[in-house]
Amino acid sequence: MPNQKTLTAAKGALFGTLLMFNPSFQAFADEINYQEKIDTFMADLKTDLDVVPGYSIAVVRGDEILLATGYGITDVSSKSQVSADTLFYIASSTKSFTGLAVASLAQKSLLELDIPIKNYLAELEGSPAGEVTLIQLLSHTHGLEEEALTWRTAFTGDHNPEKLMEIVKNMPLSETPDAFNYQNTGYVIASMVMERVTGKSWKTVVEEQVLGPLGMAGTTAYVSKLPETGVALPHTWFGSSIQFPLVKIDSTMHAAGGHFSTANDMAIWLEAQLNDGLVDGKQIFPEGLVEGTHQARTSLEATFAAYKRHHYGFGWYQADYRDQQMIHHFGSFSGYRSHVSFIPALGMGVAVMINDTSRPGFNLPDTIANYIYDLAIDGENAGEAQRQEISGIAEMVAPMIGRTMPERPRNAPENEARYAGTYHNDEMGTLSFAMENDELVLTFGALSSKTTYKEDGSIRMELEPGRGTLGVFVEGENGTITAFRYRGFNYERQ
C-alpha cells in the first residue's frame, strides 16, 4: 500500500512570502513596455520561424494584466486572426483546475484529502486503489499502474461509470508505489471521487468551484459547446502548416486534460495564482486555498526544456528557471501545446497556447515565456538566448520549407478484406476494421485512421494525426484472423 512521502518543513512550506515582488527586479519591470517588446518579438518570430499558425499569450504582474492577446491565425483554411478570446485546448494544464476544485471541496469539508478513497468509493474496498488518498492521486504518488483508464477517457471516449470503476478496482501497484510517476490516472480517479461526493459531473464541479467564481466564462470542458468560430484548430508542420481535424469530443475531455481556454481567462487564472485567490480586488477563495495547491507534496528530479523540476503539488510543478523559483504546468495533445507558469519573486505569470505540436514549434511556448521573464530580469538585454534558439530551429527546418508530406505506400495485401471485423479487449474496449473505398479503415471509439502495411506484416495507423502506431493481426492455425494485437493488448475477433 502506498505511503505518502513525509516532506521536510522546507518542502511543505506555503509560498506566502514568495508571492511578493522582489524589489531587485522592480526597476527593470517598471521600465519595460511589455506590449511593445512582445509585439516586436512575435513579429520577428514569424519572420524567422513561421511554423506555428497561432499563438495566445497572457502576461500578468501582481494584480495587473500586462497583456492578453493573440498572434497569427486560428487555422490555415479560414485564416481568421487569433484574439484574446480565441479558444485553445490546454490539455494537461487542466490539472491545476482539478487540483483547486478538489482542494475547495476539502476546504468546505465535503471530503478529506488524507484518508483512503474507499471511504468515498466503497466498490474499491479490498483493492490497492481503495487505499490511496487524494493527496497521492493529485501528486502522482499513488503507485497505481494502468493504461485502459487513460486510453478510454482521453482517446476513445468509450467508457461509463461502471466500466471505469471496474478498471480502477483491478489496478495493480508498481514496485515503487511511493515514487513520483506523472500520468493522468490520479486525476481521473480523483474526478470519480468528486462526482461521488457531489452527485455532479467533474466538469460541473470544476465550473462551480473554480471557473465560475473567477469569472472564467470563456473556458469550457465541452467540445459540444465550442462556438463555430473563434476556436484555434489543430495543425502540424511539414514544409508548411497542415490543418487536421479536431478529434476531441465531450467524452474524451477528462479531469487530467479537459479544457479549452483563452488568453483573457488565463490572465485571470494567473492573477489568482499570484495573489492567493485575490482577483480584481476581491478575495475569490479563502486565503491559503490557492497557495495550498502550490505546496510541495512530493519531490522529484527532472528537466523539461530550461526548467529543473524538483517538487509537485496539486496540478503544479515547482522548478528552477535560471536562479528563480517557477511554478508551472504544461500540456500537449495532437495539434496543441500550452505553457502556464508564474515566478513568485518576480510577481509575474505567463500563459502561452499554440495550435501546433510538430517538432519545430513544440517548445516555442516555453521560449516565448522565457523571453518575457527575461525582460523582467534583464531588461533591454533580454532576448539573445531565445533568438539564438529560434535561429537554430529555423536553420534546421530550412531544407524542409515548401516540401509536402510524402505519400505513404499502402502495400496492401490482395486479401485485405479478410481483416475487416470487430475486435474486443475487456480492458481497452472495442475496435473495428472496415473496407471503405477499397481501403481498410480502423475505428476505435472517437478515433479513426486509414491503414498502411509494413514489410514485416504489421499495420500502421494514425489514430492521433501525425503520430503513427503499429499493430499486427494474429493468424490462427487454419489461416483465419483470430485477433489484433495493439499497444500490448490482444483484441479478440468477435
Quick one: closest heavy-atom pair of [X] and [Y], and the distance?
X      : Y      : value
Gly315 : Tyr312 : CA-OH, 3.4 Å
Gly215 : Ile268 : O-CD1, 4.0 Å
Tyr222 : Ser201 : OH-OG, 4.0 Å
Pro234 : Ser334 : CB-O, 3.8 Å

Within the structure provided, determine whether [X] and [Y] are in side-chain contact (heavy-atom separation under 4.5 Å).
X      : Y      : answer
Glu112 : Asn119 : no
Ile189 : Met171 : yes
Ile57  : Ile372 : yes
Leu105 : Thr198 : yes
Thr133 : Ile115 : no
Ile90  : Met353 : yes
Thr185 : His142 : yes
Phe444 : Trp151 : yes

For [X] and [Y], take the angle between the two ring planes, folded into 0 to 90°, and tell me which bin it lands in: parallel under 30, tilted 30 to 60, perpendicular over 60.
X      : Y      : value
His140 : Tyr187 : tilted
Tyr317 : His329 : tilted
Phe88  : Tyr336 : perpendicular
Tyr373 : Tyr321 : tilted
Tyr307 : His328 : tilted
Phe333 : Phe155 : tilted
Phe260 : Tyr89  : tilted

About how many Å separate [atom2] of [Y] and [atom1] of [X], when rounded to the nearest 0.5 Å?
X      : Y      : atom1 : atom2 : value
Ser127 : Leu173 : OG    : CG    : 9.0 Å
Leu364 : Met42  : CG    : CE    : 8.0 Å
Leu144 : Ser174 : CG    : OG    : 8.5 Å
Glu291 : Leu274 : CD    : CG    : 10.5 Å
Leu289 : Lys108 : CG    : NZ    : 8.5 Å
Phe244 : Glu464 : CZ    : CD    : 9.0 Å

With side chain to side chain donor-acceptor pair (under 3.5 Å) as the criterion, how do Asp265 and Thr219 come out once you've worked through the C-alpha distance, each side chain's angles and the decisive distance to 0.1 Å? CA-CA 7 Å; Asp265 275 8; Thr219 301; 2.7 Å; yes

Is it true that [X] and [Y] have a side-chain N and a carboxylate O under 4.0 angstrom from each other?
X      : Y      : value
Lys163 : Asp426 : no
Lys118 : Glu131 : yes
Arg152 : Asp158 : yes

Is the backbone N or O of [Y] less than 3.5 Å from a side-chain atom of [X], with the two atoms forming a donor-acceptor pair by type?
X      : Y      : value
Lys95  : Ala256 : yes
Asp356 : Ser241 : no
Asn275 : Glu271 : yes
Arg337 : Phe362 : yes
Thr252 : Ile249 : yes
Lys37  : Phe41  : no
Thr153 : Leu149 : yes
Ser191 : Val188 : yes
Thr367 : Asn363 : yes
Asp374 : Ile377 : no

Modelled atom types, side-chain donor and acceptor of [X] and [Y], under 3.5 Å:
X      : Y      : value
Asp250 : Ser224 : yes
Asn170 : Glu166 : no
Ser92  : Tyr182 : yes
Thr86  : Thr74  : no
Thr94  : His259 : yes
Ser77  : Asp75  : yes
His310 : Gln325 : yes

Show your working on side chain to side chain donor-acceptor pair (under 3.5 Å) between His339 and Ser341 and close with a plain yes or no. CA-CA 7 Å; His339 171 120; Ser341 66; 2.8 Å; yes

Atom [atom1] of [X] with >12 non-hydrogen neighbours under 6.0 angstrom:
X      : atom1 : value
Gln283 : CD    : yes
Arg359 : CZ    : no
Glu427 : CD    : no

Take Ser93 and Ser338 through the side chain to side chain donor-acceptor pair (under 3.5 Å) test and state the conclusion after the steps. CA-CA 7 Å; Ser93 294; Ser338 62; 2.8 Å; yes

Cation-pi check for Phe314 against Arg297: NZ or CZ below 6.0 Å from the six-membered ring centre and within 45 degrees of the axis, yes or no? yes

Assess Lys46 against Tyr71: is NZ or CZ under 6.0 Å from the centre of the six-membered ring, and within 45 degrees of the ring's axis? no

Quick check on salt bridge (charged side-chain N to carboxylate O under 4.0 Å, His left out): which of Glu208, Glu195, Glu207 does Lys200 satisfy it with? Glu208

Take His294 and Gln318, measure what side chain to side chain donor-acceptor pair (under 3.5 Å) needs, and give me the verdict at the end. CA-CA 8 Å; His294 311 156; Gln318 293 178 22; over 6 Å; no

Side chain to side chain donor-acceptor pair (under 3.5 Å) partners of Glu125, counting only residues at least two apart: none

Please evaluate residues Val59 and Ile38 with respect to the criterion side chain to side chain contact (heavy atoms under 4.5 Å, CB included), reporting the C-alpha separation (whole Å), side-chain torsions for both, the decisive distance (0.1 Å), and the verdict. CA-CA 10 Å; Val59 183; Ile38 296 169; 4.0 Å; yes

When the aromatic ring centroids of Trp202 and Phe97 are compared, is their separation below 6.0 Å? no

